[in-house]
Number of protein chains: 2
Amino acid sequence: MDAGDGLRMAAERPNSRATMKDVARVAGVGVGTVSRVVNGKSNVSEESVAAVNAAIERLGFRRNDGARMLRTGATASIGLLVEDVADPFFSLLNRSVEEEVLRRDSVLLTASSDKDPERARKMILTFCARRVDGLVITLPEGGDEEYLRAELDAGTSMVFVDRPPRVLDVDAVIVDNRGGARTGVAHLIGYGHRRIACFTDRPDLYTASERISGYRDALEEAGIPFDPELVYSSATTREPVDEPLGRMLASDDPPTAVFAGNNRTSINVISALRIHKTSLAIVGFDDFELADVVVPGITVVAQDPKAMGRIAMGMLYKRLDGNVSPSQTIRLPTRLIVRGSGELSRDAVLAAR
Amino acid sequence: MDAGDGLRMAAERPNSRATMKDVARVAGVGVGTVSRVVNGKSNVSEESVAAVNAAIERLGFRRNDGARMLRTGATASIGLLVEDVADPFFSLLNRSVEEEVLRRDSVLLTASSDKDPERARKMILTFCARRVDGLVITLPEGGDEEYLRAELDAGTSMVFVDRPPRVLDVDAVIVDNRGGARTGVAHLIGYGHRRIACFTDRPDLYTASERISGYRDALEEAGIPFDPELVYSSATTREPVDEPLGRMLASDDPPTAVFAGNNRTSINVISALRIHKTSLAIVGFDDFELADVVVPGITVVAQDPKAMGRIAMGMLYKRLDGNVSPSQTIRLPTRLIVRGSGELSRDAVLAAR
DNA sequence: TTGAAAGCGCTAACAC
DNA sequence: GTGTTAGCGCTTTCAA
């Protein structure tokens with residue numbers, strides 16, 4: 001068979017890529033040699049390299065990585081499952097995970113659970129069926145995590161992000177939600193506030209419940225009694241809070257400050273305050289774009305999703321590289337960013353009433 | 001060989017998944033039968049199904065989709081390349097593409113070009129090597145798109161998003177940047193403004209240049225002369241604009257309104273106005289969270305990234321399903337969202353000076 | 001340095 | 001119905 005024959009063969013199968021066999025035929029060498037050239041092995045003669053490269057160029061050959069992986073066993077791919085890739089927090093996490101994946105010349109499979117345990121399960125098992133080398137996952141509340149054990153046993157490395165595992169023995173990197181909330185609320189207390197409202201997500205969410213705990217920690221430390229009337233948990237983060245805030249404002253002993261448990265809620269609180277034409281001191285959990293554009297700027301307890309992704313990938317790759325030390329959970333510190341809204345003193349708020 | 005033997009075999013290879021061969025051995029059937037059961041074919045006896053399922057359960061078997069795809073040819077995967085998965089626009093696009101991919105039981109590979117043509121090229125070729133069924137791409141400016149032709153010829157379907165192809169004959173879905181900008185600027189003109197500043201991205205970016213054209217279109221229609229002194233293009237979207245805005249404000253004939261060419265720039269303009277303690281009418285291109293929380297709310301020309309993703313995937317899957325009609329470019333309309341900042345009349349602005 | 005050949009895990013065609 | 005087998009495209013011995 002000569003070169004022309006090989007070329008014809010590839011052309012005969014439209015929409016079908018040239019294979020190493022095709023390249024070998026066109027170059028007049030064996031497939032082993034083609035493989036060596038493609039993988040840059042040194043033990044190939046100059047002429048063979050030239051012939052093979054010419055054939056590759058001519059046929060538009062591109063190695064089929066799927067076939068390669070079937071043979072070698074490693075897929076050079078990582079699966080990432082978060083709540084929602086469009087959420088600012090997770091999209092930043094996504095990006096930083098991507099950077100680490102890129103550094104290892106792998107690819108990243110991504111999916112959003114949409115807080116649905118069943119959807120999460122389906123996506124994770126799909127990733128496992130694709131034999132990803134490792135998994136970075138934020139598991140939604142309410143699901144069973146037991147099904148992951150089989151995958152773990154089968155040798156799929158995984159690291160949990162944003163939420164700790166409940167029963168599994170896996171690495172995790174989470175944010176110090178409780179400590180961060182405590183710091184934020186203590187900051188408000190430092191400005192004289194004693195009636196501090198707390199708006200959060202559904203308390204069955206891990207992060208929300210931790211932040212509420214931190215809120216209570218700060219009150220307790222300051223000797224301020226906890227008043228359930230001042231706590232409101234939205235069913236969804238999109239829900240406006242002007243109604244519950246109005247109720248608190250109309251009470252005998254209204255709040256002079258509010259702690260918002262997440263960035264969406266911070267925005268809802270700002271809108272609600274606007275509606276009620278009132279101003280209160282505000283500290284929000286999680287930073288957001290424009291937090292410094294509204295007046296006053298919003299003081300926040302900031303998380304660092306990029307660091308979370310970077311650290312999670314570091315842990316994951318260590319496992320992939322053979323580390324078998326006991327699993328650990330890394331708790332990332334938060335950072336208080338002072339912008340004005342959290343430094344409105346109790347006296348100033350009362351004077352404006 | 002009996003069942004026990006098969007189990008031992010799988011156990012003998014730790015970190016290595018059980019294969020259909022293992023399952024077949026344990027279940028005491030042939031691999032063909034296992035394959036039929038796994039794929040839910042009907043022509044299998046009750047007993048075989050039960051035996052196979054028991055073995056699958058026992059071994060923790062999960063089909064290797066990589067091997068399956070090598071055999072069947074379809075990878076059930078889509079590659080998405082955008083500028084930055086953490087950008088609000090692209091993260092929304094990402095999410096809507098994901099939804100469509102999920103509906104087809106495929107997986108999504110994602111990557112960010114970071115506006116680097118070389119990185120884009122690398123990622124795209126990686127996706128092609130993985131034999132993705134289709135590609136959704138936002139190609140960065142300044143790169144050659146010629147290398148995609150080989151992939152196109154090899155049968156990889158692709159659709160461009162947010163930017164049209166320059167030389168390739170491929171489907172695309174883009175936003176009516178020019179028309180949207182024209183509408184936004186005409187809106188300002190309708191409120192009496194004749195001196196309208198224009199702040200944008202680097203004009204060598206497709207979207208920025210289109211929006212500047214739309215800005216000029218609107219001026220021309222109203223018979224307002226174009227004044228280059230009123231146009232400022234930032235080198236980066238993070239660059240503050242208080243300096244150039246200050247220059248315009250200090251001129252003989254200062255602007256009474258500004259058109260901001262993208263959401264980050266809108267924010268920069270708001271900050272700059274704050275610094276100069278001035279208020280001008282503002283219309284921004286692209287909506288953003290909190291646009292309705294600042295006072296006044298920011299009137300914007302909104303895009304619909306979710307629709308873009310949905311439509312792009314619709315086009316892509318039509319191609320994958322065999323559609324060979326001529327390639328087309330769909331131009332998505334924009335929507336003007338009125339919130340207050342764009343309805344500040346020229347008279348009101350001048351009166352406040 | 002090189003070609004031939006086995007085999008990764010799966011599907012599908014074929015024979016029984 | 002079911003077992004056997006060829007082969008998807010690749011890597012990797014093994015001889016030569």
Side-chain angles (χ1 to χ4, degrees), chain A residues 1 6 9-10 13 15-52 55-56 59-76 128-131 133 154-155, chain B residues 1 6 9-10 13 15-52 55-56 59-76 128-131 133 154-155:
Chain A
M1 302 230 181
M9 277 210 52
R13 297 168 298 157
N15 268 17
S16 177
R17 294 246 179 197
T19 70
M20 281 194 177
K21 217 164 146 188
D22 297 322
V23 173
R25 198 158 7 216
V26 170
V29 300
V31 302
T33 301
V34 175
S35 177
R36 282 169 211 128
V37 172
V38 169
N39 293 297
K41 306 267 197 236
S42 54
N43 52 345
V44 192
S45 70
E46 295 266 325
E47 302 87 61
S48 291
V49 172
V52 168
I56 286 175
L59 297 175
F61 169 81
R62 183 102 45 213
R63 180 180 64 196
N64 183 331
D65 280 347
R68 161 169 227 254
M69 286 151 194
L70 176 58
R71 187 58 233 238
T72 61
T75 60
C128 289
R130 304 277 174 149
R131 296 294 187 272
D133 295 329
Chain B
M1 303 230 179
M9 276 209 52
R13 296 167 300 156
N15 269 16
S16 178
R17 293 242 178 202
T19 70
M20 282 195 178
K21 216 164 147 189
D22 297 323
V23 173
R25 198 159 6 217
V26 171
V29 300
V31 298
T33 300
V34 176
S35 177
R36 282 171 210 125
V37 172
V38 169
N39 293 296
K41 305 268 199 235
S42 53
N43 51 344
V44 192
S45 72
E46 296 265 326
E47 303 88 61
S48 292
V49 172
V52 168
I56 286 175
L59 297 175
F61 169 80
R62 184 100 45 212
R63 179 179 64 195
N64 182 331
D65 280 347
R68 163 169 225 253
M69 286 151 193
L70 177 58
R71 187 56 233 241
T72 61
T75 60
C128 289
R130 303 280 173 147
R131 297 292 188 271
D133 295 330

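Keep in mind it's a predicted model, so treat the numbers as computed, not measured. Sequence lines set the chain letters: A, B, ... in the order given, protein chains first and strands last, and positions in each chain run from 1.
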Looking at every non-hydrogen atom in both residues, tell me the closest pair between [X] and [Y] and how far apart they are.
{"X": "A:Ala76", "Y": "B:Arg130", "answer": "O-NH2, 3.1 Å"}
{"X": "B:Val26", "Y": "B:Ala55", "answer": "CG1-CB, 3.6 Å"}
{"X": "A:Arg17", "Y": "A:Gly60", "answer": "NH1-O, 3.7 Å"}

Identified side-chain contact (heavy atoms from CB on, under 4.5 Å) partner of A:Val44 from the options A:Val49, A:Val29, A:Val52: A:Val49
Could you identify which residues of residues 32-42 of chain A place a heavy atom less than 4.0 Å from some atom of DNA chain D, listed by residue number, or say none? A:Gly32, A:Ser35, A:Arg36, A:Asn39
Counting only non-hydrogen atoms, which of residues 68-76 of chain B are less than 4.0 Å from DNA chain D? B:Leu70, B:Arg71
Phosphate-side-chain proximity, A:Thr19 and D:dC8, N/O vs OP1/OP2 below 4.0 Å: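 For D:dC8, neither OP1 nor OP2 has a side-chain N or O of A:Thr19 closer than 4.0 Å.
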Nearest 0.5 Å, please: how far is CE in A:Met20 from CG in A:Leu59?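 The CE atom of A:Met20 is 12.5 Å from CG of A:Leu59, to the nearest 0.5 Å.
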Starting from the 5' end of DNA chain D, give me the residue, B:Val31 or B:Ala67, whose nearest nucleotide shows up first.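 First, find each residue's nearest nucleotide; the 5'-ward one identifies B:Val31.
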Axis bend over the full length of the helix from C:dT1-D:dA16 to C:dC16-D:dG1, computed from five pairs that close each end, to 10 degrees: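 The helix from C:dT1-D:dA16 to C:dC16-D:dG1 shows an end-to-end axis angle of 50°.
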D:dT2, C:dT1, D:dG9: which one has an atom nearest the side-chain heavy atoms of A:Ser45? C:dT1
With sequence neighbours left out, write down each residue that passes side-chain hydrogen bond (donor to acceptor under 3.5 Å, both in side chains) with [X], or none if nothing qualifies.
{"X": "A:Asn64", "result": "none"}
{"X": "A:Arg63", "result": "A:Asn39, A:Asp65"}
{"X": "A:Ser45", "result": "A:Ser48"}

Take the protein atom CG of B:Asn43 and the nucleotide atom C1' of C:dC16, then report the distance between them rounded to whole Å.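 Atom-to-atom, B:Asn43 to C:dC16, this comes out as 15 Å.
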Once you round it to whole Å, what is the distance between P of D:dT12 and CZ of A:Arg63? 10 Å
